[in-house]
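As structure tokens, the structure follows; a few thoughts come after it.
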Amino acid sequence: MISPSRLRTLNGKPVDSSKPYVLYWLQQAQRVGFNQALAHAIDRANELKKPLVVGFGLMDDYPEATERHYAFMLDGLRDLKSAIEKLGATFVVKHGVPKDVAVLLAKDAACVVTDRAYLRHLVGWREHVANAVSVRVEQVETELVVPLEVASTKSEIGARTLRPKIHRAWAEHLVPVEMPKLAVKSAPGAKGLQSDFDVSDPDAVLKKISCIREVKRSPVFTGGERAAQKHLDDFIASQIDDYAKGRNEPARGQSSTLSPYLQYGHISPIDMATRVVSAKRGAQADRDSFVEELIVRRELAHNFTSYNAKYDRFAGLPEWAQKSLRAHAMDKRQYVYTRDELATGQTHDSYWNAAQMEMVLTGFMHNYMRMYWGKKILEWTPDPEEAHATTLWLNNRFFLDGLNANSYGNVAWIYGQHDRPWGPERPIFGLIRYMNAAGLERKFDIQDYVVKVDDLSRELTGSGIRSNVLF
DNA sequence: ATCGGCTCGCGCAA
DNA sequence: TGCGCGAAGCCGAT
């Protein structure tokens, strides 16, 4: 039994016991481990003494998604297919918009279970399915440690207001997921449930899908539940020690690198948090620091997209921030770059170019550099509203962990969201927190970072990054 | 090296 | 109503 606080019935429709199977419409939690929606779907199937069908909709041209995103996701679907079949359920991948695939597969379902998502169009898909099908649709929270409304029912001003609410609730919710055994196994490829794609061959499927082709598969990240577990093992074995300090050192790369896996549901934050909390490595402060990032700040981003309808727009920023940025919209910009110059890392700033190239080459960027990177886009773009749009565009195009709640929260932070005003009032930034290259130089050996990215570039592409300072 | 000031608004004590 | 203080800031004074 899953926690009732994770379960929500999306419509008042009945269960139809005459139908042959229970459907788990899987979209968000692309894993078996620690998947509460799967556990709940198995419970339902067992109650009704029916087999379980797990259905996934694979659509062309998911908004802003590139070949890089699709390749990573398809790696995960390969893992998922074998894991689901091992449980004795049928895994069906249909070609189409997920909401339509769900409605199609629900025609023969006694009831539908799905996993919860936190972006406008994904919430809309679930509402559509709940209205369009004739049986009960239940949604299960699988993304967060503390379910959204348990933590807070309103838009939080910042981490400091959400933190105590999360802390009060997390012990109760930071519990392992017991996966029940499926009682009625189904024969693979049962009647009318053929997949449109054979996801055991990700690269073959990738060729058949329509998407933005300019951004290729990451040469350093393989998607899927198995790869995610390996990253977590490696992090606990060699990265927790001194994490509290080391996480902000760009050249050290002391990161779990699990954010892409969280984005595709290849790993559960509960799995990550319980493993790290009980790890016999690192100091208490190191483990606390990791859990703060994973739970408080990640869940703040989900609070932001859930309670702020304009989460992806300049108009969604706090009033003081919009006002201050607008007051400085006409200030002279010393440097102005086009999207293309930014995307290819051709600015005057070698630190920024290195960060951009880390992102372009790998699909990932060091956490601290993400802040500096975004602040400079604000500084080098003619208008703050355009800067916000450009930052989001680059973020979603190149990051493997783009296109999710954290993306919108992180980008909004650059422009003052979840932050406070900082004097003195400056050109362009107004009261928005300012960052500059002197800060990087003061705090870190930032040249080490530039050299590190340049070495990586040589290894991956045969040539180094452009830089006006070093090379 | 460390500290206060810069600035706004929430949460809590009073 | 007043007061403390905050997701990563910078800068100048000590």
Side-chain angles (χ1 to χ4, degrees), chain A residues 151-168 242-256 259 269 285-286 288-305 307-308 311 316-328 331 334 349 351-352 355 365-379 384 387 391 395 401 405-446 449:
Chain A
S152 172
T153 52
K154 68 183 180 77
S155 180
E156 293 291 335
I157 191 77
R160 77 174 194 280
T161 58
L162 182 62
R163 187 176 295 111
K165 299 173 184 179
I166 294 273
H167 276 264
R168 276 198 288 275
D242 208 28
Y243 177 81
K245 248 179 68 194
R247 56 177 280 270
N248 273 337
E249 285 268 352
R252 282 172 70 169
Q254 192 162 358
S255 161
S256 74
S259 56
D286 297 323
D288 288 350
S289 166
F290 181 79
V291 170
E292 160 81 14
E293 301 298 313
L294 174 67
I295 307 183
V296 175
R297 299 194 194 175
R298 181 165 179 271
E299 303 204 2
L300 180 62
H302 290 76
N303 175 281
F304 176 56
T305 62
Y307 296 123
N308 187 333
Y311 62 79
L317 298 171
E319 276 303 317
W320 69 264
Q322 287 188 54
K323 198 175 136 205
S324 191
L325 286 168
R326 286 227 176 82
H328 290 271
D331 292 357
Q334 193 183 352
D349 179 339
Y351 309 146
W352 194 92
M365 189 194 296
H366 188 276
N367 194 44
Y368 194 92
M369 295 308 291
R370 291 186 189 212
M371 293 187 278
Y372 177 78
W373 172 85
K375 294 288 183 184
K376 293 294 121 176
I377 298 172
L378 166 58
E379 193 175 332
T391 312
N395 181 96
D401 56 18
N406 277 80
S407 295
Y408 298 101
N410 291 347
V411 170
W413 180 84
I414 303 290
Y415 296 83
Q417 184 70 39
H418 299 146
D419 204 10
R420 50 189 280 213
W422 291 93
E425 196 164 353
R426 295 166 195 278
I428 305 173
F429 286 81
L431 295 170
I432 302 296
R433 184 192 298 259
Y434 176 69
M435 291 176 82
N436 63 7
L440 297 176
E441 288 160 358
R442 188 173 59 247
K443 287 179 208 170
F444 319 116
D445 195 339
I446 191 66
Y449 174 72

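Chain naming here is simple, since letters A, B, ... match the order of the sequence lines and numbering starts at 1 in each. On a predicted model such as this, the values are computed, not experimentally measured, just so you know.
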message: Please determine whether a side-chain nitrogen or oxygen atom of A:Lys165 lies at a distance below 4.0 Å from atom OP1 or OP2 of B:dC10.
response: no
- line: Here the distance between atom C1' of C:dG9 and atom CG of A:Leu431, to the nearest Å, is 12 Å
- line: The nucleotide from B:dC8, C:dG9, C:dA7 with an atom nearest the side chain of A:Trp320 is B:dC8
message: By nearest atom, which of the nucleotides B:dT7, B:dC10, B:dC6 is closest to the A:Ile157 side chain?
response: B:dC10
- prompt: A:His418 NE2 to B:dC8 C1': how many Å, rounded?
  reply: 15 Å
message: Can a side-chain donor-acceptor contact be found between A:Tyr307 and A:Ser152 if the only test is distance below 3.5 angstrom?
response: no
query: With a 4.0 Å cut-off on heavy atoms, is A:Arg163 in touch with a base, just the backbone sugar-phosphate, or nothing at all?
result: sugar-phosphate
query: Taking CZ from A:Arg420 and P from C:dG9, how many angstroms apart are they, rounded to a whole number?
result: 11 Å
Could you pull out all donor-acceptor pairs under 3.5 Å where a side-chain atom in residues 244-251 of chain A meets a protein atom, sequence neighbours excluded?
unit_1, atom_1, unit_2, atom_2, d
A:Arg247, NH2, A:Glu293, OE1, 3.2
A:Arg247, NH2, A:Glu293, OE2, 3.0

Distance (rounded to the nearest 0.5 Å) between A:Asn395 CG and A:Met365 CE: 8.5 Å
- prompt: With respect to the phosphate group of C:dC10, does any side-chain polar atom (N or O) of A:Lys375 fall under 4.0 Å of OP1 or OP2?
  reply: no
query: Atom CE of A:Met435 to atom P of B:dC6: distance rounded to whole Å?
result: 22 Å
- request: For A:Asn248, report the nucleic acid contact type (base, sugar-phosphate, nothing); a contact means any heavy atom under 4.0 Å.
  value: base
task: Calculate the interatomic distance between A:Glu299 atom CD and C:dA7 atom P; express it in whole Å.
output: 16 Å
Between C1' of C:dA7 and CD1 of A:Ile432, the distance in whole Å: 14 Å
message: Going by purine N1 to pyrimidine N3 plus the second Watson-Crick contact, or the G-U wobble pair, all under 3.5 Å, which nucleotide sits opposite B:dT7?
response: none
- request: Taking atom P in both B:dT7 and C:dT1, compute the distance separating them and give it to the nearest angstrom.
  value: 24 Å
query: What distance, rounded to whole Å, do you find between the two P atoms, one in C:dG9 and one in B:dC10?
result: 24 Å
message: Using a 3.5 Å distance criterion without hydrogens, assess whether the side chain of A:Asn303 forms a donor-acceptor pair with backbone atoms of A:Lys154.
response: yes
- line: Among the nucleotides B:dC10, C:dC10, C:dG9, whichever has the atom closest to the side chain of A:Tyr368 is C:dG9
message: Against A:Glu292, only a single residue in A:Arg297, A:Arg160, A:Arg298 fulfils salt bridge (Lys or Arg N to Asp or Glu O under 4.0 Å); can you say which?
response: A:Arg297
- line: Residues A:Ala355 and A:Trp373: closest non-hydrogen pair is CB-CD1, 4.5 Å
message: Using a 4.0 Å heavy-atom cut-off, does A:Lys323 contact any base of the nucleic acid, only the sugar-phosphate backbone, or nothing at all?
response: nothing
message: Can you tell me if A:Asn410 touches the phosphate of C:dA7, counting only side-chain N or O atoms and a distance under 4.0 Å to OP1 or OP2?
response: no
- request: May I have the distance from A:Arg160 (atom CZ) to B:dC8 (atom P), rounded to whole angstrom?
  value: 14 Å
- prompt: Whole Å only: how far is the CD1 atom of A:Ile166 from the P atom of C:dA7?
  reply: 13 Å
- line: Closest of B:dC6, C:dC10, B:dG11 to the A:Lys443 side chain is C:dC10
message: What's A:Arg370 touching, base or sugar-phosphate or nothing? Going by heavy atoms closer than 4.0 Å.
response: nothing
field: Nearest-angstrom distance, C1' atom, B:dA1 to C:dA7
entry: 24 Å
message: Looking at B:dA1, which nucleotide sits across from it as a Watson-Crick or G-U wobble partner, both distances under 3.5 angstrom, or is there none?
response: C:dT14
- request: Tell me what A:Asn436 touches on the nucleic acid: a base, only sugar-phosphate, or nothing, going by heavy atoms under 4.0 Å.
  value: sugar-phosphate
